[in-house]
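Following: one structure in structure tokens, then a few remarks.
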Amino acid sequence: KAAAHRGTLIRQRVYRYGATAATVLLALGLGFGIFSASRPRLDTTGLVMATDAMIQDPDEALRRWLKEQKAPEELPLAFNTEWLVSLGSERLQGQDVPVAVFARTGHGFAKVYLLANDGRINTDGIQDAQASHSSALVINDPKQFRGLKYVIVYTGPDYKAFLRPTAGGIARS
């Protein structure tokens, strides 16, 4: 009789532990399923279409991007959009800053940062800078550029290599 009672207790414990383990596994499975379903799915077709639109009409892509950034419709310098590589943002000092990237074979690249005077990044007193292989040009006219400062970081000796050529073949500045 004692052995039967003991066997019953052992079976009840095993059932209890089994039920607890099944509940934990079910909860983990549901949690993982909800987590997986809530993550955004990468739309490669959308990526390809956006890139294709930028390649087919880079001037329009740049205008549309500048409008999304609430910036003037044109950059302060006439960059040649044939060399437009990307329109997006870059993390600077913990903040996402809009940046347009231009690249030209044999000349390197130029990045045009749009810095808003909204207090997220301290832009007071920023100035041109230069290192051995790259330089920064700061363009600031509060009246003309609606509270934006443009910082152009470029490689090579001159940013004019990234500008549109004029009729005489000399880049406009």
Side-chain angles (χ1 to χ4, degrees), residues 28 30-165 171-173:
L28 286 173
L30 285 173
F32 183 73
I34 290 170
F35 172 73
S36 294
S38 67
R39 291 182 302 160
R41 186 174 301 261
L42 182 62
D43 179 17
T44 53
T45 302
L47 291 173
V48 169
M49 297 302 284
T51 301
D52 195 49
M54 189 174 76
I55 290 169
Q56 289 183 23
D57 193 355
D59 291 315
E60 179 57 31
L62 180 60
R63 265 192 296 281
R64 195 173 40 245
W65 179 76
L66 287 169
K67 185 177 182 180
E68 289 170 7
Q69 306 309 316
K70 296 178 178 70
E73 289 186 19
E74 293 182 358
L75 293 173
L77 300 175
F79 279 86
N80 192 337
T81 55
E82 290 178 25
W83 300 311
L84 181 61
V85 175
S86 73
L87 299 167
S89 65
E90 197 171 300
R91 199 115 176 113
L92 296 178
Q93 297 178 346
Q95 299 295 323
D96 287 328
V97 175
V99 62
V101 180
F102 298 84
R104 185 174 177 195
T105 305
H107 294 277
F109 65 87
K111 292 182 175 184
V112 182
Y113 295 94
L114 284 66
L115 299 172
N117 294 330
D118 59 5
R120 293 185 308 142
I121 294 180
N122 185 357
T123 60
D124 295 337
I126 61 173
Q127 56 190 349
D128 297 353
Q130 190 168 358
S132 58
H133 299 291
S134 58
S135 302
L137 172 68
V138 177
I139 299 174
N140 178 22
D141 183 352
K143 293 176 186 171
Q144 182 180 0
F145 301 129
R146 297 189 298 212
L148 281 178
K149 290 183 182 179
Y150 295 88
V151 176
I152 301 166
V153 177
Y154 58 93
T155 58
D158 195 358
Y159 66 87
K160 293 179 182 176
F162 301 98
L163 302 182
R164 293 182 191 268
R172 185 178 91 185
S173 62

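What you see below is based on every heavy atom in this structure, not just the backbone, and it leaves out hydrogens, waters and symmetry mates. Count residues from 1 along the sequence.
- Legend: salt bridge (charged side-chain N to carboxylate O under 4.0 Å, His left out) pairs involving residues 50-59, not counting sequence neighbours, sorted by first then second residue: Asp59-Arg164.
- Atom CD of Gln127 sits in a sparse spot, with 12 or fewer heavy atoms from other residues, nucleotides or ligands closer than 6.0 Å.
- Partners of Ala50 under the side chain to side chain contact (heavy atoms under 4.5 Å, CB included) rule, at least two apart in sequence or in another chain, do not exist in this structure.
- Residues Pro76 and Leu148 fail the side-chain proximity criterion, which asks for heavy atoms closer than 4.5 Å.
- Residue pairs meeting the ring pair (Phe, Tyr, Trp, His ring centres under 6.0 Å) criterion with at least one member in residues 66-106, sequence neighbours excluded, are Phe79-Phe102.
- Under the salt bridge (charged side-chain N to carboxylate O under 4.0 Å, His left out) criterion, no residue pair touches residues 42-51, with sequence neighbours excluded.
- Within the structure, the side-chain hydrogen bond (donor to acceptor under 3.5 Å, both in side chains) test picks out the following pairs touching residues 85-95 (sequence neighbours left out): Glu90-Lys111, Glu90-Tyr113, Arg91-Asp96, Gln95-Arg120.
- Residue pairs meeting the ring pair (Phe, Tyr, Trp, His ring centres under 6.0 Å) criterion with at least one partner in residues 37-67, sequence neighbours excluded, are absent.
- In this structure, the side chains of Leu62 and Leu75 come closer than 4.5 Å at one or more pairs of heavy atoms.
- In this structure, the side chain to side chain contact (heavy atoms under 4.5 Å, CB included) partners of Leu42, at least two apart in sequence or on a different chain, are Thr44, Leu47.
- With sequence neighbours excluded, no residue forms a salt bridge (Lys or Arg N to Asp or Glu O under 4.0 Å) with Arg104.
- The stretch residues 116-140 participates, sequence neighbours left out, in no ring pair (Phe, Tyr, Trp, His ring centres under 6.0 Å) pair at all.
- Under the 4.5 Å side-chain criterion, counting only non-hydrogen atoms from C-beta, Leu77 is in contact with Leu137.
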